[in-house]
Amino acid sequence: MTKKFLLLALTLTLIVAAFASFPVAAQDRWDGADDLPVNPLDCPMAEGEMAATEEAEGEMMMPEYDGGEPVNAPDLAGQDITLVDVPKLIGVGYFAATTQGMQQAAEELGNVSVTTDGPTEANIDDQIAVIDNYITQGVNGILFAANDPVAIAPVLTRALESGIRVVGYDANSTPDARQWFVNQAAFEGVAKSLVDNMAEQIGVDGSFAIVTSTFTTPNQARWIAEMQAYQEKCYPDMTWLETVEAQEDNILSFNQATTLINKYGPDMDGIFGMTSIATPAAAEAVTQAAVCPLASSEGAAANEDDAVVVVGLATPNAMKPYVETQCVERVVLWNPVDLGYAAVYVMRRTVDGEFLPGATEVDAGRLGMLPVVNNSEVLLGPPFVFTAENINDFDF
Amino acid sequence: MSALPETKALDDAPSFSERLSSALFRQEGVLVLIGIVALVVLAFGSENFLTVDNLLNQTRFLAEIGLIALPMTYIIITGGIDLSVGAIVGVSAIMLGVSWQNWGLPLELAIVVCIITGVIAGLVNGLFIVRVGVPPLIMTLATLALYRGLAEGISESRSVRGYPDWFEELGQGSALGLPTQLWVLIIFAILFAVVLARTTFGRSLYAIGNNELGARFSGIPVGRNKLIIYSLSGLMAGIAAWIFVSRTTTTRSDYGSGWELDVIAAVVLGGTSIFGGTGTIIGTMLGIVLIQLLKNGLALTGVTSDATIVIIGSVLILSILINNYAGAIFGALTRRLRPTQRNP
């Protein structure tokens, strides 16, 4: 009998320990899971300076190339090349859009063929295996979006050592494990756009929660760190309620958002969705809970206090239903089609020897010249805000 | 009531080893056959497949799953299951990183902490299963969530990075021409195989799986042996975590998620009955190798990874069908075997 009690006590301790550790995690300072310094942009009053600051920084830090170099890579300038694209996972709208952009670029260039293959879940272990197989199979170049910046490094280094060109997009690896990284948007730019759009809708003293993938996913963790820095700087009266993990899983995201709505009720004014899965799931949760902000929308909140504004990163197609019902007003993102397009162009220019370490910009076809930032990254441009007016112009 | 299982155990006793060996050779034969067919087909599919470099490289990917599959074979032979192994990998890996970076322990000691964490996690499973009588499926399903939660909580969901070069040797280096972790797997596989086939402890696992009550009445320390195998499961998950962290040079709280299914699939493909009572380490190792060969070979022949999973699922079903079909013929030729009776 005593043994049973001891065991029960042990379980309880374990469970309590597990739960006790969560609030600590939630209230700690968000460090982007990489301990890099945050760099909040100027507040909205100084709108015009954003682009200027970024460019100035690019010039200032210019440019100690810190990417890697393939070993004994064959000279394939102007020749047909075979690329493989390994996104975080396949079967989601976002990476379908980057694939679409890559195919567009390949068609334009005429001497590039790209195959997209990747894990079916955003899992670093599987992603490593996929890349490893393509190294063995022999391709001319690898495009990747990392599930973990450090864990993916050894396999990418192996690719470089085998003479394969490596260019990242969407989610970076450690710089020396790849040559270039196409950065879809500066982290601080995205953070600013998200927080500004939220503040315009819920006011400078509103309170919000965040639904993200995992606390260590490179992009999301970094954005959240920048959002915290920017919010503290520009909207000190806003209340950051909670940040919850929902993997990149539809049902889990919906459940997490619903839990937030039920938990905080009128105390919560807004939810940020950090992935193209979390944002529509949050919008669905808000619709089903009938707490949409606009009175005219379907599922409108009975009481204004209950209303929950959703602002987030998502593909337009996923958000169209909610923008149409007016439950969601704004969706922030870059154009992933352009992102995939730019990645293939950067790869082609690298193979052709036209884009070498130390370069300050690169010719990316219809996108024009893209600037090099952070030593070995190519910046796609400022983020884009989708609204009811423009969202139907996009199909991805 | 007590006389019945006793008699049954005695009835089973004479045919036990005979029945066991015939059943096993059958499944292993089927596996070797499928393996050879797969090798030939895949070798024609891609010239890069059947090379020493590629095959050796693949062993890096199967070592962690392989190590965990060894004690899982023991557990499934006893009619149990351990769903928490993936989560134990997660919590052990996190303890390695956290104790090294946050607590400032020397890395050597952190490795010990990692392995001990695994053992404790496995022991807790075992204690509840044996002493409280929680069914293994329920207990390990609960700890699957609990250990994963601990991993996220302890790490504050941050990853630990920046391990020194010597630490990466285990996961990325080679010894005597073979990947380091392959040596670890080979040594443990031999150890586990010998213990299972040649020791009283090993034989007792079959007895427990065939008839737990009977085993108890025969004086086999059922509880103690179960405690040992669930702790072993934790131990091997801890070692696998160490190797995995070394291979990927970083620690994440989501490490090992979903591994329990890979491990169980390999064990079952290897001929271990999920109902307990039969199974070998050789079968399990063949299962592990076959799954990895398929994953790698199909990828190299240009099959995308989503289609690969479908094919592996089909092979799993196919091999079990072939096994059952062969079993029916075998049974007709020799003598009809009664299905083993489950625990009441």
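Letters go in sequence order (proteins before strands), and every chain restarts at 1.
Contacts of Thr120(A) with chain B are made by side-chain atoms alone, with heavy-atom separations under 4.5 Å and no backbone atom involved. Contacts between Glu168(B) and chain A at a heavy-atom distance below 4.5 Å are absent for every atom of the residue. In this structure, the portion of Val130(A) lying under 4.5 Å from any heavy atom of chain B is its side chain and not its backbone. In this structure, no portion of Val134(B) lies under 4.5 Å from any heavy atom of chain A. Contacts between Arg247(B) and chain A at a heavy-atom distance below 4.5 Å involve backbone atoms as well as side-chain atoms. Heavy-atom distances place no part of Ile135(A) under 4.5 Å from chain B, backbone and side chain included.
Side-chain atoms of Phe244(B) and Asp125(A), non-hydrogen and from C-beta on, do get closer than 4.5 Å to each other. Within the 4.5 Å cutoff, the side chain of Ile128(A) has heavy atoms near those of the Phe61(B) side chain.
Arg148(B) pairs by the side-chain contact (heavy atoms from CB on, under 4.5 Å) definition with Ala87(B), Ser257(B), not counting sequence neighbours.
For Gln100(A), the CD atom sits in a packed shell: over 12 heavy atoms of surrounding residues, nucleotides or ligands are nearer than 6.0 Å. Within 6.0 Å of atom CD1 in Ile251(A), 12 or fewer heavy atoms from other residues, nucleotides or ligands are found, so the atom counts as exposed in its surroundings.
Rounded to the nearest 0.5 Å, atoms CD1 (Ile309(B)) and CG (Asp126(A)) are 7.5 Å apart. One distance of note links OG1 of Thr214(A) with CZ of Arg252(B); it measures 5.5 Å at 0.5 Å rounding. Rounding to the nearest 0.5 Å places OH of Tyr255(B) at 10.0 Å from CG of Asn123(A). Summarising the geometry, atom CG belonging to Asp132(A) is positioned 4.5 Å from atom CG belonging to Asn57(B); distances are rounded to the nearest 0.5 Å. Here the CG-OG1 distance, from Asp148(A) to Thr249(B), works out to 8.0 Å after rounding to the nearest 0.5 Å.
When all heavy atoms of Asn133(A) and Lys295(B) are compared, the closest pair comes out as ND2-O, 4.2 Å.
At least one donor-acceptor pair closer than 3.5 Å links the side chain of Asn48(B) to the backbone N or O of Gln137(A).
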